[in-house]
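First the structure, in the form of structure tokens, and then the observations on it.
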Amino acid sequence: MKSLKQLLAWAKKDLRGLLLWVIGLQEELQRLKDLLAQNSQNSSRPPSSDRSQRDPRPKTEDPPPKPKSLRGKSGRKPGGQCGHPGRTLQFCDQPKEILVHPLKTCACGEDLCRQPAQDFERRQVFDLPPLQLVCTEHRAEIKDCPCCHSCHTAPFPPEVKAPIQYGRRFLALLSYLYDAQQCSSRRIRQMCAELFGYAVSESTLQDAREEQFQALEPFEQRLERILPQEPILHADETGVLINKVTHWLHVLATPMLTFFSVQTKRGAEAIEAIGIIPKFTGWLMHDFLSSYLGFDNCLHTFCKSHLLRELVFVFEEHGQAWAGRLHDLFLEMLQRVKRRKARDAPLGQKELDRWYRRYRRILCEGRRANPITREQRQRRRSKQSKAQNLLDRLRDYDHCILAFLHEFEVPFTNNDGERPLRMIKVRLKVSGCFRTLAGACRHARIASYISTLRKHDLPVFDYLLKALHGHPFLPQGTKTT
């Protein structure tokens with residue numbers, strides 16, 4: 001902190017240096033203001049980082065603006081829409097138990113015990129059987145051979161490995177609760193003690209998940225083989241703590257497939273280690289992480305939701321009208337593509353040219369609002385503003401950004417890649433971090449399987465059990481070989 005006397009002395013001695021210092025302070029102040037104004041609706045920050053309107057603040061401090069949703073109103077009423085099939089209980093034709101409630105007396109007082117029933121009014125109750133573990137004893141016969149006089153014991157089934165153990169159905173339940181429902185190990189053990197009367201140990205829980213992990217190796221190998229053949233692949237990554245050290249969880253996904261991989265790095269080294277993107281030749285949907293752009297064996301396209309949030313920030317916080325117009329243009333393009341896709345009518349070249357001209361005209365407006373300053377020209381490696389960096393990306397990758405206009409299979413957003421990561425974040429909120437790399441890899445493979453099952457609308461628990469029996473679900477790719 002410099003005093004007024006020091007600033008006056010500096011101005012007499014070096015006015016230009018003082019002005020440059022003031023300009024630097026202004027840039028730093030603007031950077032801090034921009035950082036404070038960011039939320040989940042105008043940046044890539046997660047919703048959990050948004051500050052609440054009800055947080056106590058000094059009266060002199062303005063409350064943070066309420067995040068604005070990028071979604072427009074659909075015009076539909078809440079709840080199920082017309083034509084929605086709905087899901088409710090249906091009458092069972094063969095109930096396990098039938099209870100007949102006799103009618104003994106009439107309302108007039110007459111005894112009806114000996115009168116035959118003419119018909120029945122049915123009501124059915126669906127409930128759980130008593131929750132308990134059922135013990136099955138396996139007895140292997142021991143016999144003496146009358147020929148060689150040696151004693152032999154019959155073999156036990158492969159899954160029966162110890163004198164006392166839990167069955168596969170119970171082991172599948174432990175993995176389902178931990179990896180599918182994101183329960184903590186302590187709560188799972190507490191639940192088992194209260195419902196079944198058996199308090200499983202931490203080692204039993206982790207051994208069950210390890211067995212599930214090993215059983216799903218054919219599933220992971222299938223994904224590694226079919227994902228490079230998909231026409232569209234969504235890629236994203238997020239940081240995860242493993243024993244207090246940051247690692248990276250990478251996801252590669254399609255509308256029907258999900259693949260997770262834990263890596264120590266985030267960039268090209270991790271992508272090479274996974275080995276799927278280097279063999280991929282279709283459209284790769286991602287954000288602007290430069291590591292993806294280094295792979296020229298595939299076509300690149302970018303998530304427009306990220307761009308829309310950045311445009312919202314430039315429009316609302318910096319008051320630049322061009323950003324609002326480009327935001328609206330993207331949404332107008334999206335609606336146009338949806339209508340054409342419904343009719344299976346691709347856009348003609350003349351219409352594509354019109355969209356591109358409107359897009360580039362707005363970028364020119366953005367350049368005029370964010371010119372390169374003299375100081376930036378004089379510096380060898382000038383630092384640009386966020387708006388200038390955004391304009392550079394919009395200009396340099398315009399064909400990749402607007403690919404959804406002429407390639408209808410290219411999605412508008414990277415939602416298929418970002419949604420699977422949300423449940424991993426729930427896992428981290430429950431556990432805080434993964435203790436070991438092996439545990440993180442175990443969860444990644446099982447979570448890949450669970451996410452893929454849900455995309456295929458398959459019962460998760462049943463297929464976890466099938467995997468333990470040696471029959472995991474093996475999905476088929478879009479392009480089967």
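With respect to E317 and K386, no salt bridge is recorded, no charged nitrogen being found less than 4.0 Å from a carboxylate O.
Ring geometry for F302 versus Y397: interplanar angle over 60°, hence perpendicular rather than tilted (30 to 60°).
Donor-acceptor pairing under 3.5 Å is lacking for the side chains of Q212 and D179. No donor-acceptor contact under 3.5 angstrom links the side chains of Q190 and R187, judged on distance only. Between the side chains of Q206 and E210, no donor-acceptor pair is found at a separation under 3.5 Å. In this model, a donor atom of one side chain and an acceptor atom of the other lie less than 3.5 Å apart for D353 and Q349.
The residue from L252, D416, L223, L233 that alone fulfils the side-chain contact (heavy atoms from CB on, under 4.5 Å) condition with L257 is L223. The ring-ring contact (aromatic ring centres under 6.0 Å, His included) with H399 is formed by just one residue from the set Y356, W355, F404; it is Y356.
Legend: side chain to side chain donor-acceptor pair (under 3.5 Å) pairs involving residues 272-289, not counting sequence neighbours, sorted by first then second residue: H286-H300.
Using a 4.5 Å heavy-atom cutoff, the side chains of L173 and F461 are in contact. With contacts defined as side-chain heavy-atom distances shorter than 4.5 Å, the pair F260/H443 does not qualify. Side-chain contact check for K161 versus F156: every heavy-atom pair is 4.5 Å or farther apart.
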Between F170 and F196, is a ring-ring contact (aromatic ring centres under 6.0 Å, His included) present by the stated rule, with each step listed? CA-CA 11 Å; F170 186 72; F196 307 117; 5.8 Å; yes
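No donor-acceptor pair under 3.5 Å is formed between the side chain of E224 and the backbone N or O of G275.
For H318 and F313, the gap between ring centers is short of 6.0 Å. The aromatic ring centres of H306 and F288 sit 6.0 Å or more apart.
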